[in-house]
Amino acid sequence: MSCRDALLREFERAGVGDELAAEHYRNLEHHAGECIGCGHCDSRCPFGVVQSERIGRIAEHFGM
């Protein structure tokens with residue numbers, strides 16, 4: 001699983017109040033706050049989801 005996928009999974013779980021997911025996020029090797037906004041993930045998403053916007057929300061939610 002890629003770091004991006006792990007970020008998204010834990011954010012979705014934490015969004016419903018899953019404290020274990022928040023702990024898992026804090027323990028990930030990389031965090032959404034490291035995103036440089038290059039848009040590479042946006043162009044690679046097979047579903048056309050603007051991942052960079054989601055990554056920004058994740059960084060705000062977790063504060064990292």
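Here, residue 1 is the first one in the sequence, and each next residue gets the next number.
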Heavy-atom nearest pair, A32 first then A59, reads CB-N, 3.6 Å
Filter on salt bridge (Lys or Arg N to Asp or Glu O under 4.0 Å), then keep only pairs touching residues 30-50, sequence neighbours left out; what's left? none
State which residues pass side-chain contact (heavy atoms from CB on, under 4.5 Å) with V49; sequence neighbours excluded, sorted by chain then number. C45, F47, Q51, R54
Return the set of residues passing side-chain contact (heavy atoms from CB on, under 4.5 Å) with E53 (not counting sequence neighbours), or none when no residue passes. V50, R57
Can we call the ring centroids of Y25 and H31 under 6.0 Å apart? yes
Of all the heavy-atom pairs spanning I55 and C35, show the shortest one and how long it is. CG2-CB, 3.5 Å
By salt bridge (charged side-chain N to carboxylate O under 4.0 Å, His left out), R26 pairs with (sequence neighbours left out) E19
